[in-house]
There are 2 protein chains.
Amino acid sequence: MPPEDGRRYIGFLIADVARMMRSAFDRRVRRIGLTRSQWLVLSLLHRRPGVSQSELAEMLEVERATAGRMIDRLERKHWLVRRPDREDRRINRLYLTEDAKGVQAEMGRIAAELLDDAMASLAEGEREALAEMMERMKAQLQSMGQRRAALAEAGSQPGVAP
Amino acid sequence: MPPEDGRRYIGFLIADVARMMRSAFDRRVRRIGLTRSQWLVLSLLHRRPGVSQSELAEMLEVERATAGRMIDRLERKHWLVRRPDREDRRINRLYLTEDAKGVQAEMGRIAAELLDDAMASLAEGEREALAEMMERMKAQLQSMGQRRAALAEAGSQPGVAP
DNA sequence: ATGCAATGGTAACCTAGGCAACGGTTCGCT
DNA sequence: AGCGAACCGTTGCCTAGGTTACCATTGCAT
């Protein structure tokens, strides 16, 4: 195998594993009436209650308009509420309802079970090593993204004209 | 960190890394006029020329209808051709055009470069260990999927009714 | 204080994917 | 031979996300 293909091979593997975990999870949570974007929102809001719509959009990597519509749907289902910020009237802050907290707990159980199954063939030490390597890759990818953003910023700076 | 959260944490890590790689790749290939579903098709067809539309749909995990429309668009761009199978007139077999092969080669270069960057902080031995662990996880996930499919099959068998 | 750019959220339009139904073709069974 | 099941690809309908333009609100600079 030529070295270039070796690197691409790892790329495919990571993508495949992530995709398979995601679709297995999708299938399992569908039984409790959740779609992918919905459980993403619920999971995020559980970790960060009170985020604004824009913050949520950014963290989920979707457009603000898209996030707004996702929130509409979840609010209609009474799984979250919009509450106006006290100091800035432009901002809606988002909170899970009690209903959603139950659903969220069930999701957590399903996720843990799925990961246990998926990592059944990894020893404890291997899991730690895997997590540690993935952390390094994530940090690296983050720094790449930031560098790119910084360059874009700088690139638009010198030109003074609109 | 409670053990259940530890497992979920790895899940998030894998998902994050895969997502970040995917979006970084999206951003880079967009310059050569490719969207995600398009480069997925091109990449697949490069490895497996002559697949049928249904096979492609299954490998990409989309519906046959969706695959058909993706193929329509790529055919209009002259990046692939449908050719009827000689023995089975239901089947269209798919082949990349010369145009597409150039694009595919450029894609490969971009992918290898991106992975090099993303794995910059991993030693050679670590990369191999990572690949090997991901292979085991993928195999495990595959067997889980198959078992599920087999059970569904068996479950629908006993019933004789329509 | 007062323009004025930046920010938060929304509405309108377009594209893309899932789902269900359909016509055409092949295969298996009798 | 022929009849029904299974399979391949397409079409129409619905939902969801991206893009753009817009309004309201805020913060800043003068």
Side-chain angles (χ1 to χ4, degrees), chain A residues 19 22-23 26-27 29-30 33-42 44 50-77 80-95 149 152-153 156-157 159-162, chain B residues 19 22-23 26-27 30 33-41 44 50-77 80-95 149 152-153 156-157 159-162:
Chain A
R19 182 177 42 73
R22 208 172 46 222
S23 64
D26 282 350
R27 207 177 334 109
V29 295
R30 213 157 120 184
L34 281 173
T35 149
R36 179 175 305 172
S37 50
Q38 287 174 349
W39 65 254
L40 283 169
V41 174
L42 260 51
L44 176 61
V51 294
S52 72
Q53 298 194 190
S54 294
E55 287 164 348
L56 181 135
E58 188 176 359
M59 294 190 230
L60 260 42
E61 292 189 321
V62 298
E63 295 302 310
R64 291 200 310 275
T66 305
R69 281 180 298 234
M70 286 160 51
I71 294 163
D72 286 343
R73 290 187 283 266
L74 289 169
E75 196 172 32
R76 265 197 295 274
K77 284 199 174 193
L80 61 76
V81 288
R82 289 172 158 104
R83 287 211 274 156
D85 187 287
R86 303 220 164 179
E87 301 175 351
D88 187 338
R89 276 181 297 176
R90 294 171 300 181
I91 299 180
N92 288 334
R93 305 219 159 265
L94 306 173
Y95 300 90
E153 186 98 4
S156 61
Q157 194 68 343
V160 195
Chain B
R19 181 177 44 72
R22 208 172 45 221
S23 65
D26 282 351
R27 205 176 337 104
R30 211 158 122 183
L34 281 172
T35 149
R36 178 176 305 174
S37 50
Q38 287 173 351
W39 66 253
L40 282 169
V41 174
L44 177 61
V51 294
S52 72
Q53 297 194 192
S54 293
E55 287 164 348
L56 181 136
E58 189 176 359
M59 294 189 230
L60 259 43
E61 291 189 324
V62 299
E63 295 300 310
R64 293 200 309 274
T66 306
R69 281 182 291 238
M70 284 160 51
I71 293 163
D72 286 343
R73 281 173 235 136
L74 289 170
E75 196 172 33
R76 265 198 294 275
K77 282 198 175 191
L80 60 78
V81 288
R82 288 171 158 107
R83 285 213 273 156
D85 186 287
R86 302 220 164 179
E87 302 174 351
D88 188 337
R89 277 181 295 174
R90 293 171 301 180
I91 299 180
N92 287 334
R93 304 219 159 267
L94 306 173
Y95 300 91
E153 185 99 3
S156 63
Q157 193 68 346
V160 195

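Computed over heavy atoms, backbone and side chain alike; hydrogens, waters and symmetry mates excluded. We name chains A, B, ... by the order of the sequence lines, and we start the count at 1 in each one.
When distances are taken from the side chain of N92(A) to each of dT10(D), dG18(C), dT10(C), the shortest belongs to dT10(C). Of the candidates dG17(D), dT10(C), dG9(C), the closest approach to any side-chain atom of A65(A) belongs to dT10(C). In the set dT26(C), dG9(C), dT19(D), the nucleotide with an atom closest to the side chain of D88(B) is dT26(C). Comparing atom distances between the R90(A) side chain and each of dG24(C), dT10(D), dA24(D) picks out dA24(D) as nearest.
The local environment of CD in E75(A) is crowded, with over 12 non-hydrogen atoms from other residues, nucleotides or ligands closer than 6.0 Å. Other residues, nucleotides and ligands contribute over 12 non-hydrogen atoms within 6.0 Å of the CZ atom of R36(B).
The shortest side-chain heavy-atom distance between R93(A) and I91(A) falls under the 4.5 Å cut-off. Within the 4.5 Å cutoff, the side chain of L40(B) has no heavy atoms near those of the M70(B) side chain.
Contact annotation: Q53(A) side-chain N/O to dT7(C) OP1/OP2 distance is not under 4.0 Å. Between S37(B) and dG17(C) there is a side-chain polar atom (N or O) within less than 4.0 angstrom of OP1 or OP2.
Residue side chain R64(B) reaches the base of dG9(D) through a donor-acceptor N/O pair under 3.5 Å, judged by distance alone. Counting distance only, with no hydrogens placed and no angle test, the side-chain atoms of R69(B) and the base atoms of dG12(D) include a donor-acceptor pair under 3.5 Å. Applying the 3.5 Å distance criterion, the base of dT25(C) shares no donor-acceptor pair with the side chain of R89(B).
Using a 4.0 Å heavy-atom cutoff across all strands shown, T66(A) reaches at least one base atom of the nucleic acid.
When the nearest nucleotides of DNA chain C are assigned to S52(A) and R30(A) by heavy-atom distance, the more 5′-ward of the two goes with S52(A).
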